[in-house]
K.L.:
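The following block contains the structure, expressed as C-alpha cells.
Each chain gets a letter, A, B and so on, in the order its sequence line appears, and its residues count up from 1. The structure presented is a predicted model; accordingly, all values stated were derived computationally and were not measured.
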Number of protein chains: 2
Amino acid sequence: MRILVVEDDAILAEGTCESLSKAGYAVDLAETGTRANAMIEAGSYDLVLLDIGLPGMDGFEVLRRLRKHNRNIPVLIISARDDIDFRVYGLDLGADDFMLKPFVLAELHARTRALLRRHALSERNTLSCGELLIDLGAQRAHVDGEPLELSIREWDVLVYLLRNQGKVVRKEAIVETLCDWKTDITLNAVEVYISRLRSKLDSHGVHIRTVRGFGYLLEEPAE
Amino acid sequence: MRILVVEDDAILAEGTCESLSKAGYAVDLAETGTRANAMIEAGSYDLVLLDIGLPGMDGFEVLRRLRKHNRNIPVLIISARDDIDFRVYGLDLGADDFMLKPFVLAELHARTRALLRRHALSERNTLSCGELLIDLGAQRAHVDGEPLELSIREWDVLVYLLRNQGKVVRKEAIVETLCDWKTDITLNAVEVYISRLRSKLDSHGVHIRTVRGFGYLLEEPAE
DNA sequence: CTCTAGCTGACAGAAAGCTGACTATTGAGT
DNA sequence: ACTCAATAGTCAGCTTTCTGTCAGCTAGAG
C-alpha cells in the first residue's frame, strides 16, 4: 500500500511519514506541488495526503491536475485553514476527505484506513496484453513502460477489449457498454474509436484485429 | 431463470421481487449481505441484483466475496448514491451493470434481460471435430492450435456441418440456414463455400466428404 | 464411354470497414 | 462571458474483402 505525502513543513512531514511507515505503508514524500505531480505521474500510489498550503503550485492545483489523469486515486486533503469554503472547494475538485490541522495521528490513521478500505485498492486490478498494461484502479494505461494518453471513450473500448481478450467482440456489444441502454450511437463510431486506438497502439505491437462481419479481436500476446 | 435480489429496504424489495416474478423469473430475496453470500454459495443463480447500501456487510463486500468463488454470475449493482466513483469501483470489482435509485421497473427489466442475454451468449460452448475446434462464444475457430480465418458464410456453413456431424447434410438445408427466408441463392454457391472451406481444412486432416446426389458429410474424427 | 453432379478459378458487384475532415459539445483558463 | 483546446460522433469517400455466379473442368456411376 503506497502513500504519497505532500507536505512542505519538514517537521510535520517527518512525523506523518514516520507514523504511516510504522503502520506498514510504503510512504513517499513530496515537498512541492510540482514534485508531487511528477511523482504521481511516475509511481502508482494508493492514496495521496495533500497539504493545501504549499509554496508554488498549491494543493488545489495539484489535485486538479491529478484528477485530469488519475481519476481514482483517493486524496485526503489537509488544511490549516479553518474555512468551510476550502472544504467545499476541495471536495468539488474531487478530494475524498478533508482534515484540519492540527490533527492527532490517530485521526490520520483512521481516515487513511477508511479511504483505503473504501477504495479497496488492496485488490489492485490490472489488465494486460503484451506490452500493454492497464491499471483499472488508477485508471492509467502504459505501453512499453510509457504512459498512454487515452480519452474516456478510448479507455472504455480498450478495457472492454482487454476483458474479452481472445474473444471476438461485436460492435453492438461495444456500443452497449458505452451508453448503457440508449443506443443512439452509430456503429461507425466504434470503427472510429478502434481506428484511434490503433493509431496509438499499433506501433507498440498491440494489434486489434478486424474480424469481418463479426467485430474486433484483441489477440493474446501470442506473437 | 433464477434471480437473487439483495435488498434491505422491505418496500423496494417487495416491489422488485414481485415485478420480476410476474415477468417469469424465479426470485429469491436476501435482506443482508451475509445472507446473500450464503444463498449464492448454496443456490445456483443466473443473476444477482445487488443493492450497495446494506446494513452490516455492504454490497461491495458481497460482490468481492462472490467473485472469489462464482466468477461467472452476472451482477447488477443498484445504488442510491449518485457518484461516479462508486460506479467505477463497482465495475472494477466485476459488476456487470450499474443502476441508480430510484429506477423505473421498465429499466430494471431491460437491464435484467440484457445481462441474461449477454451472459448466455458468452457461455463457452464449443464444437469440435478432430483437430478442428470452434468456440461459439468467442466466435473463433482453431485447427491444430492455429487460428483459422473464416468469412461469415464459411463460419455459418462450418458450424452447421459440425452441428450435424456424422450426418449427411443437404445443400438445400445449408442454403436455408444461411438466408433464413429469401432463398435466392443457387445451390452452386454452397459448392463454392464447401470448396473454400476444404482448401482451409483439408491440410489439417478435417475432411468434408461429398455424398453424391445427397449433400455433404463431416465425418467424425475417425482416424 | 457418357452423362451428370460436383469442383473450382475468375470476376464483378456488394458489403464491410477505415480514416481524414468536419461540427458540436464540453470544460478549463482568462 | 469569451476563447481555446480537446473530445465525441457523423459523414463521405476510399480501400479491402467477401459473395455469388458463371463457365469450363473433373470424376464417379452406370
K.L.:
Ignoring hydrogens and geometry beyond distance, is the side chain of A/R196 in donor-acceptor contact with the base of C/dG20 at under 3.5 Å?
P.N.:
no
K.L.:
Taking only Lys NZ, Arg NE, NH1 and NH2, and the carboxylate oxygens of Asp or Glu, determine whether B/E191 and B/K171 approach each other closer than 4.0 Å.
P.N.:
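The answer is yes: the pair qualifies as a salt bridge.
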K.L.:
Less than 4.0 Å between a side-chain N and a carboxylate O, is that true for B/E149 and A/R209?
P.N.:
yes
K.L.:
For B/E149 and C/dA16, give me the distance from atom CD to atom P, rounded to whole Å.
P.N.:
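Interatomic distance, CD of B/E149 to P of C/dA16: 18 Å.
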K.L.:
As a test of reading the structure: which of C/dT19, D/dT19, C/dG6 is closest to the side chain of B/R153, going by heavy atoms?
P.N.:
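The nucleotide sitting nearest to the side chain is D/dT19.
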K.L.:
With respect to the side chain of A/E191, which nucleotide from C/dT19, C/dG29, D/dA23 is positioned closest?
P.N.:
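Within the option list, the nearest is C/dT19.
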K.L.:
Please classify the nucleic acid contact of B/I152 as base, sugar-phosphate, or nothing, using heavy-atom distances under 4.0 Å.
P.N.:
sugar-phosphate
K.L.:
Take the protein atom CG of A/L187 and the nucleotide atom C1' of C/dT19, then report the distance between them rounded to whole Å.
P.N.:
17 Å
K.L.:
Send over the distance from B/W155 CH2 to D/dC18 C1', rounded to a whole Å.
P.N.:
17 Å
K.L.:
Round to a whole Å and report the spacing from CD1 of A/I208 to C1' of C/dT19.
P.N.:
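Those two atoms, CD1 and C1', are 14 Å apart.
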K.L.:
Roughly, in whole Å, what's the span from CZ in B/F214 to C1' in C/dT4?
P.N.:
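B/F214 atom CZ is separated from C/dT4 atom C1' by 15 Å.
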K.L.:
Measure CZ/B/R209 against P/C/dC7 and give the value in whole Å, please.
P.N.:
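For the pair B/R209 CZ and C/dC7 P, the rounded distance is 12 Å.
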K.L.:
Rounded to whole angstroms, how far apart are NZ on B/K200 and C1' on D/dT17?
P.N.:
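Result: 11 Å.
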K.L.:
Could you work out which one of D/dC22, D/dA8, C/dT19 sits closest to the side chain of B/N188?
P.N.:
D/dC22
K.L.:
Which nucleotide in the list C/dG6, C/dG29, D/dG20 gets nearest to the side chain of A/R64?
P.N.:
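Selected nucleotide: C/dG29.
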K.L.:
Counting only pairs under 3.5 Å, give me each side-chain donor-acceptor contact of residues 3-11 of chain A, with atom names and distances, residues two or more places apart or in other chains.
P.N.:
{"residue": "A/E7", "atom": "OE2", "partner": "A/D9", "partner atom": "N", "Å": "3.0"}
{"residue": "A/D9", "atom": "OD1", "partner": "A/I11", "partner atom": "N", "Å": "2.9"}
{"residue": "A/D9", "atom": "OD1", "partner": "A/L12", "partner atom": "N", "Å": "3.0"}

K.L.:
Between D/dT21, D/dT19, D/dA8, spot the one nearest the side chain of B/S151, thanks.
P.N.:
D/dT19
K.L.:
Write down the atom of B/D58, the atom of B/I52, and the distance for their closest heavy-atom approach.
P.N.:
CB-O, 3.8 Å
K.L.:
Considering just the side-chain nitrogens and oxygens of B/Y193, establish if one lies under 4.0 Å of OP1 or OP2 belonging to D/dT21.
P.N.:
no
K.L.:
Can you confirm whether the side chains of A/H142 and A/R140 place a donor and an acceptor under 3.5 Å from each other?
P.N.:
yes
K.L.:
Tell whether A/R212 reaches the base of C/dA16 with its side chain through a donor-acceptor pair below 3.5 angstrom.
P.N.:
yes
K.L.:
Take the protein atom CZ of B/R198 and the nucleotide atom P of C/dG6, then report the distance between them rounded to whole Å.
P.N.:
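After rounding, the reported distance stands at 11 Å.
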K.L.:
Please state whether the phosphate of D/dG20, meaning OP1 or OP2, lies under 4.0 angstrom from any side-chain nitrogen or oxygen of B/T186.
P.N.:
no
K.L.:
When you check the phosphate oxygens OP1 and OP2 of C/dA16, does a side-chain N or O of A/K171 lie under 4.0 Å from one of them?
P.N.:
no
